[in-house]
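The block underneath contains the structure these notes are about, expressed in structure tokens.
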Amino acid sequence: MINGIGRGQHPLARSSSPRRLLDLETWSASGIPLLRDPRDFVLELHQRHLPQPGTVVVAVLDALHHLAASASFAPWPHDTDGWQHRNALLTQLRQITPHDLRLARPARTAVLLRCREGAPGWTEQDGAWMWALRDASALHGLRCGSYVGLTPAGWQVLGDGRSGRDPHAGSWADGPVHTVTELPPRSALETPRAQRARHQAPERAQRSDRSPHSRQSEHPWTPARVTAVEPARRTGTR
């Protein structure tokens, strides 16, 4: 204490336990708006970002509860305080959507999904992220929405009891391969001259069989040589 003022610990100082968090009862009693279709929402968000354990996804829903913007990131592993998480969420929100601070009432909602290892249910770190989501939403002019935990057991909307088995924390490994090599069809490998020659070959053979004056000294017809073509490469985007 200096001059009668308790300085306390610096906000950026790291400690073994978070200091700004919300317990599950406080979170449930704070009037968080329910997701209209949590199963489809979690599935869409997972398909967009394929979060691995240690990844946080923040999403913004419009007035009709449709997904308007989202971002995924891996927070610094040593950050355990809600104040630090709040700053990380604000950085992501400012990059993906403008603020609504000029509105009298929030029209959009911020939702958070956290993918982690371990058993399902509330943890102190979930409480720190809940505090961060509530504070970041207020500072960006958004309404604080649901908090979804993604664990090996499945997904769970903390505070309202709705949950499912898929996707889960390991579902990212079942995602699509984003770089695919495809061979073009056979017709694409042939030049137009070779295609015409291939179609005209049976007709020439038939005329040769019917003609009594066909010359035996002529060389048999051979198809035109096709130049090798490299396979086409297509790169998909998430």
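Being a predicted model, the structure only gives us computed values, none of them experimental.
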In the hydrophobic clustering that connects Ile, Leu, Val, Met, Phe, Trp and Tyr at side-chain heavy-atom distances below 4.5 Å, which members other than Leu43 occupy its cluster, ordered by chain and number?
->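 Reading the cluster by chain and number, Leu43 sits alone, since nothing else belongs.
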
How does the hydrophobic cluster around Leu150 look, that is, which other residues are in it when side-chain heavy atoms under 4.5 Å mark a link?
->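 Same cluster as Leu150: Leu35, Phe41, Val42, Leu45, Val57, Leu61, Leu67, Val111, Leu113, Val148, Trp155, Val157.
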
If you look only at pairs with a residue in residues 32-42, which of them pass as a side chain to side chain donor-acceptor pair (under 3.5 Å), with sequence neighbours excluded?
->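 The answer is none; no pair qualifies.
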
Got a sec, which pairs hit side chain to side chain donor-acceptor pair (under 3.5 Å) with one end in residues 57-67, sequence neighbours left out?
->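 Not a single pair qualifies under side chain to side chain donor-acceptor pair (under 3.5 Å).
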
Taking the side chain as everything from C-beta on, heavy atoms only, tell me whether [X] gets closer than 4.5 Å to [Y].
| X | Y | result |
| --- | --- | --- |
| His85 | Arg20 | no |
| Trp122 | Leu22 | no |
| Asp166 | His168 | yes |
| Ser146 | Ile32 | yes |

Residues which pass salt bridge (charged side-chain N to carboxylate O under 4.0 Å, His left out) with Glu117, listed by chain and number, not counting sequence neighbours |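 Partners of Glu117 by the salt bridge (charged side-chain N to carboxylate O under 4.0 Å, His left out) criterion come out as none, since no residue qualifies.
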
Non-hydrogen atoms of [X] and [Y] that approach each other most closely:
| X | Y | result |
| --- | --- | --- |
| Pro33 | Cys144 | CD-O, 3.2 Å |
| Thr123 | Arg116 | CG2-NH2, 3.7 Å |
| Arg108 | Asp100 | NE-OD2, 2.8 Å |
| Gly121 | Leu158 | C-CD2, 4.2 Å |

By side-chain hydrogen bond (donor to acceptor under 3.5 Å, both in side chains) - contacts of [X] (at least two apart):
| X | answer |
| --- | --- |
| Arg162 | Asp160 |
| Thr109 | Arg143 |
| Ser163 | none |
| Asp23 | Thr26 |

Just jot down the side-chain contact (heavy atoms from CB on, under 4.5 Å) partners of Ala153, sequence neighbours excluded, or say none.
->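 In terms of side-chain contact (heavy atoms from CB on, under 4.5 Å), with neighbours along the sequence ignored, Ala153 is linked to Pro120, Thr151.
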
Who are the side-chain contact (heavy atoms from CB on, under 4.5 Å) partners of Gln52, not counting sequence neighbours?
->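 For Gln52, the residues satisfying side-chain contact (heavy atoms from CB on, under 4.5 Å) (neighbours in sequence not counted) are Thr55, Trp172.
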
Going from CG on Asn87 to CD on Gln92, what distance comes out if it is rounded to the nearest 0.5 angstrom?
->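 Answer rounded to 0.5 Å: 12.0 Å.
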
Gap between atom NE2 of His46 and atom OG of Ser72 - 0.5 Å precision |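 Nearest 0.5 Å value for the OG-NE2 distance: 11.0 Å.
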
Flag yes if [X] and [Y] sit in one hydrophobic cluster, no otherwise; membership is Ile, Leu, Val, Met, Phe, Trp, Tyr, and two members link when side-chain heavy atoms are under 4.5 Å apart.
| X | Y | answer |
| --- | --- | --- |
| Leu101 | Leu142 | no |
| Phe73 | Leu93 | yes |
| Leu21 | Leu24 | yes |

When you check the side-chain N and O atoms of His49 and Ser70, is any donor under 3.5 Å from an acceptor?
->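 Distance-only check passes for His49 and Ser70.
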
Sequence neighbours left out, cut at 3.5 Å: what donor-acceptor pairs do the side chains of residues 128-141 make with other protein atoms?
{"from": "Asp135", "atom 1": "OD2", "to": "Arg86", "atom 2": "NH1", "distance (Å)": "2.4"}
{"from": "Ser137", "atom 1": "OG", "to": "Leu133", "atom 2": "O", "distance (Å)": "2.6"}
{"from": "His140", "atom 1": "NE2", "to": "Thr97", "atom 2": "O", "distance (Å)": "3.1"}

